[in-house]
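Along the sequence shown, the residues carry numbers beginning at 1.
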Amino acid sequence: MSTTKATESGETVTIVSAMDERGILTVTKPTTGETVEVVDYADELLRERAKTLSPGATARLELTPAEDGTYSLTRLLPGGPTLGFGAD
(Lines give C-alpha, C1' and ligand atoms only; values in the text may rest on other atoms or scores of the structure.)
Protein backbone atom coordinates (compact mmCIF):
# COMPACT_ATOMS: atom_id res chain seq x y z
CA MET A 1 0.00 0.00 0.00
CA SER A 2 1.36 3.42 -0.92
CA THR A 3 1.68 6.54 1.22
CA THR A 4 -1.18 8.89 0.40
CA LYS A 5 -2.11 12.53 0.86
CA ALA A 6 -5.53 14.02 1.58
CA THR A 7 -8.45 12.57 -0.37
CA GLU A 8 -9.78 14.55 -3.32
CA SER A 9 -13.52 14.84 -3.75
CA GLY A 10 -15.14 12.49 -6.26
CA GLU A 11 -15.03 13.42 -9.91
CA THR A 12 -16.18 11.85 -13.13
CA VAL A 13 -13.26 10.37 -15.06
CA THR A 14 -12.91 8.56 -18.38
CA ILE A 15 -11.45 5.07 -18.35
CA VAL A 16 -8.42 4.96 -20.68
CA SER A 17 -7.49 1.33 -20.15
CA ALA A 18 -9.13 -1.44 -18.17
CA MET A 19 -7.40 -2.81 -15.09
CA ASP A 20 -4.44 -4.93 -16.15
CA GLU A 21 -3.07 -8.10 -14.56
CA ARG A 22 -1.01 -5.98 -12.11
CA GLY A 23 -4.13 -4.12 -10.95
CA ILE A 24 -3.35 -0.83 -12.71
CA LEU A 25 -6.34 1.15 -13.97
CA THR A 26 -5.64 4.19 -16.17
CA VAL A 27 -8.07 7.11 -16.18
CA THR A 28 -8.24 10.67 -17.51
CA LYS A 29 -9.47 13.54 -15.37
CA PRO A 30 -11.50 15.74 -17.74
CA THR A 31 -11.15 18.82 -15.52
CA THR A 32 -7.36 18.87 -16.04
CA GLY A 33 -6.85 16.52 -19.00
CA GLU A 34 -4.37 14.63 -16.81
CA THR A 35 -4.06 10.86 -17.31
CA VAL A 36 -3.30 9.02 -14.06
CA GLU A 37 -2.75 5.45 -12.89
CA VAL A 38 -4.78 3.94 -10.09
CA VAL A 39 -2.59 1.31 -8.43
CA ASP A 40 -4.13 0.82 -4.99
CA TYR A 41 -7.66 0.16 -3.77
CA ALA A 42 -9.34 0.79 -0.41
CA ASP A 43 -10.52 -2.83 -0.23
CA GLU A 44 -10.93 -5.98 -2.30
CA LEU A 45 -14.62 -5.30 -3.11
CA LEU A 46 -13.72 -1.92 -4.58
CA ARG A 47 -10.92 -3.56 -6.59
CA GLU A 48 -13.39 -6.12 -7.98
CA ARG A 49 -15.85 -3.36 -8.94
CA ALA A 50 -13.05 -1.42 -10.66
CA LYS A 51 -12.23 -4.50 -12.77
CA THR A 52 -15.59 -4.08 -14.53
CA LEU A 53 -14.76 -0.60 -15.86
CA SER A 54 -14.20 -0.59 -19.64
CA PRO A 55 -12.14 1.76 -21.81
CA GLY A 56 -14.19 4.74 -22.97
CA ALA A 57 -16.65 4.47 -20.08
CA THR A 58 -17.01 7.17 -17.46
CA ALA A 59 -17.16 6.60 -13.73
CA ARG A 60 -17.37 8.84 -10.69
CA LEU A 61 -14.35 8.04 -8.53
CA GLU A 62 -12.85 9.37 -5.34
CA LEU A 63 -9.08 9.23 -5.78
CA THR A 64 -6.32 9.80 -3.25
CA PRO A 65 -2.94 10.87 -4.64
CA ALA A 66 0.20 9.06 -3.50
CA GLU A 67 3.66 10.60 -3.18
CA ASP A 68 4.90 8.70 -6.27
CA GLY A 69 2.31 10.32 -8.60
CA THR A 70 -0.05 7.35 -8.67
CA TYR A 71 -3.49 7.20 -7.05
CA SER A 72 -5.52 5.02 -4.71
CA LEU A 73 -9.20 4.44 -5.40
CA THR A 74 -11.04 5.10 -2.16
CA ARG A 75 -14.64 5.15 -3.42
CA LEU A 76 -16.63 4.37 -6.54
CA LEU A 77 -19.53 6.82 -6.38
CA PRO A 78 -22.99 6.59 -7.94
CA GLY A 79 -23.97 8.92 -10.74
CA GLY A 80 -21.98 10.56 -13.45
CA PRO A 81 -21.91 13.70 -15.47
CA THR A 82 -25.16 15.60 -15.72
CA LEU A 83 -26.29 17.34 -18.86
CA GLY A 84 -28.33 20.50 -18.87
CA PHE A 85 -31.77 20.63 -20.44
CA GLY A 86 -31.64 20.79 -24.21
CA ALA A 87 -28.29 19.05 -24.50
CA ASP A 88 -27.87 16.91 -27.59
Practice task
For residues Leu63 and Pro65, report the shortest heavy-atom separation together with the two atoms involved.
Solution key: O-CD, 3.9 Å
Exercise for the section: Mark yes or no for whether Tyr41, through its side chain, and Ala50, through its backbone, hold a donor-acceptor pair below 3.5 Å. Expected result: no
Completion exercise
With sequence neighbours left out, the residues meeting side chain to side chain donor-acceptor pair (under 3.5 Å) with Ser17 are Thr26
Handout entry: Polar contact flag, side-chain donor to acceptor under 3.5 angstrom, Glu37-Thr70
Key = no
Handout entry: Thr35 and Thr28: side chain donor to acceptor below 3.5 Å
Key = yes
Practice task
Return the minimal non-hydrogen interatomic distance between Leu53 and Ala59, and the atom names on each side.
Solution key: CD2-CB, 4.0 Å
Handout entry: Intermediate values then yes/no, side chain to side chain contact (heavy atoms under 4.5 Å, CB included), Asp40 and Leu73
Key = CA-CA 6 Å; Asp40 195 21; Leu73 178 58; over 6 Å; no
Fill in the blank from the handout: Rounding to 0.5 Å, atoms OH (Tyr71) and CD (Glu34) come to a distance of 4.5 Å
Practice task
Return the set of residues passing side-chain contact (heavy atoms from CB on, under 4.5 Å) with Glu21 (not counting sequence neighbours), or none when no residue passes.
Solution key: none
Problem - Arg47: salt bridge (charged side-chain N to carboxylate O under 4.0 Å, His left out) partners, not counting sequence neighbours - result: none
Handout entry: Sub-4.5 Å side-chain heavy-atom contact between Leu76 and Leu61
Key = yes
Fill in the blank from the handout: Hits for side chain to side chain donor-acceptor pair (under 3.5 Å) against Ser54, two or more places apart or cross-chain, chain-then-number order -> none
Handout entry: For Asp20, salt bridge (charged side-chain N to carboxylate O under 4.0 Å, His left out) partners two or more places apart
Key = Arg22
Fill in the blank from the handout: Those residues at least two apart in sequence (or on a different chain) that pass side chain to side chain donor-acceptor pair (under 3.5 Å) with Thr52 are none
Fill in the blank from the handout: In this structure, CG of Leu46 is separated from NZ of Lys51 (nearest 0.5 Å) by 12.0 Å
Problem - Heavy-atom side-chain proximity of Val13 to Thr58 below 4.5 angstrom - result: no
Fill in the blank from the handout: Tightest non-hydrogen contact, residues Ala18 and Pro55, listed as N-CG, 3.7 Å
Problem - Test item: Arg60 side-chain N/O and Pro78 main-chain N/O as donor-acceptor pair under 3.5 Å - result: yes
Practice task
Supply the atom-to-atom distance Glu48 CD to Met19 CE, rounded to the nearest 0.5 angstrom.
Solution key: 7.5 Å
Exercise for the section: Would you please say whether a donor-acceptor pair under 3.5 Å links the side chains of Glu11 and Thr31? Expected result: yes
